[in-house]
Amino acid sequence: MIDVYSAATPNGHKIHIMLEECGLPYRVHHINIGEGDQFKPEFLAISPNNKIPAIVDADGPDGKPMSLYESGAILVYLASKTGKFLGNTDRQKFVTLQWLMFQMGGVGPMLGQAHHFRIYAPENIEYAVNRYTNEAHRLYGVIDRQLSKNAYLAGDEYTIADIATFPWLRSWKNQGIEWADFPNAKRWFDEISERPAVKRGVEVLAGERKPLTDDKARDILFGKTQYAKH
């Protein structure tokens, strides 16, 4: 049994989808990031960067429990554990990891900033909105060009690179994107949306997600609470 400490965010959905795709048994524990659950000592013990998701696998590589945080590392771990979605040859594995790192280092952080300055920032900062909206368009362009030549991001097979990237593109409207500008990415997005495991994965904890409207939650996520010593 794998215990998953998570929330209904793009990074959380990556792991929910992967677990569903692999058919692994898991228990999900909601970490209410708007209430500050991510700063509790018991969560920091497995995720010292106070970010979701994190997992505890009762059956680790040596037969002992193992905890992991960082969604990319968890995807690689689960792919290695099951022999799925990482590629069958060394070449395929490195290409998959390349596109996974593209998501971790580019798509996630930059689209996250686009969300923040377009939706959550307390004041409209035109420079920031333009910078991150433009970067969102650039990243979608990279994805679209790759998918003009390949069925999936890492080639002909569905991999953890697709599982990692897809949840971030579900909020395309919030990122200032028009799908008509990226037809290859739209084809890929629609295909992945229809996978049964993906449909199940994006519903995990979806009912717990609440709009960010109160000052307390804003302070916890973006204000002094986020940067206090824990």
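Values in this document were obtained by computation on a predicted structure and should not be read as measured data.
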Determine the minimum heavy-atom distance between [X] and [Y], stating which atoms define it.
X: Ala164; Y: Leu100; result: CB-CD1, 3.6 Å
X: Trp188; Y: Ala151; result: CD1-O, 3.8 Å
X: Ile17; Y: Pro167; result: CD1-CG, 4.1 Å
X: Thr96; Y: Phe85; result: CG2-O, 4.2 Å
X: Ala54; Y: Ser47; result: CB-CB, 4.0 Å

Under 3.5 Å donor-acceptor pairs involving side-chain atoms of residues 194-201, not counting sequence neighbours:
unit_1, atom_1, unit_2, atom_2, d
Glu194, OE1, Lys199, NZ, 3.2
Arg195, NE, Glu21, OE2, 2.8
Arg195, NH2, Glu21, OE1, 3.2
Arg200, NE, Glu20, OE1, 2.7

Looking at side-chain heavy atoms only, is the closest gap between [X] and [Y] below 4.5 Å?
X: His13; Y: Arg170; value: yes
X: Phe102; Y: Leu139; value: yes
X: Ile46; Y: Ile55; value: no
X: Ile143; Y: Leu169; value: yes
X: Ser6; Y: Val204; value: no
X: Val142; Y: Gln146; value: no

Describe, in one word, how the ring planes of [X] and [Y] are oriented to each other, choosing from parallel (under 30°), tilted (30 to 60°) and perpendicular (over 60°).
X: Tyr140; Y: Phe182; answer: tilted
X: His29; Y: Tyr5; answer: parallel
X: Tyr120; Y: His116; answer: tilted

Ignoring hydrogens and angles, write down the donor-acceptor pairs under 3.5 Å from the side chains of residues 65-82, residues two or more places apart or on other chains.
unit_1, atom_1, unit_2, atom_2, d
Ser71, OG, Lys14, NZ, 2.9
Tyr77, OH, Asp57, OD2, 2.7
Ser80, OG, Val76, O, 2.9
Lys81, NZ, Asp57, OD2, 2.9
Lys81, NZ, Asp59, O, 2.9
Thr82, OG1, Leu78, O, 2.8
Thr82, OG1, Lys84, N, 3.4

When rounded to the nearest 0.5 angstrom, what is the spacing between [atom1] in [X] and [atom2] in [Y]?
X: Trp168; Y: His115; atom1: CH2; atom2: NE2; result: 6.5 Å
X: Asp144; Y: His137; atom1: CG; atom2: NE2; result: 12.5 Å
X: Trp179; Y: Arg187; atom1: CH2; atom2: CZ; result: 11.0 Å
X: Ile15; Y: Leu24; atom1: CD1; atom2: CG; result: 11.5 Å
X: Trp99; Y: Asp162; atom1: CH2; atom2: CG; result: 10.5 Å

Task: Other residues, nucleotides, ligands: >12 heavy atoms within 6.0 Å of Asp156 CG - done: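 It does not: Asp156 CG has 12 such atoms or fewer within range.
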
Between [X] (side chain) and [Y] (backbone), is there a donor-acceptor pair under 3.5 Å?
X: Asp62; Y: Lys64; value: yes
X: Glu208; Y: Leu205; value: no
X: Asp37; Y: Ile31; value: no
X: Gln38; Y: Asn50; value: no
X: Asn150; Y: Tyr152; value: no

Identify whether [X] and [Y] are in the same connected component of the hydrophobic contact network (ILVMFWY, side-chain heavy atoms under 4.5 Å).
X: Ile160; Y: Val202; answer: yes
X: Trp172; Y: Ile119; answer: no
X: Val56; Y: Val4; answer: no
X: Leu86; Y: Leu153; answer: yes
X: Leu111; Y: Ile52; answer: no

Quick one: side chains of residues 121-133, donor-acceptor pairs under 3.5 Å with protein atoms, not counting sequence neighbours, listed by atom name and distance.
unit_1, atom_1, unit_2, atom_2, d
Asn130, ND2, Glu126, O, 3.4
Thr133, OG1, Arg118, NH1, 3.1
Thr133, OG1, Val129, O, 2.7

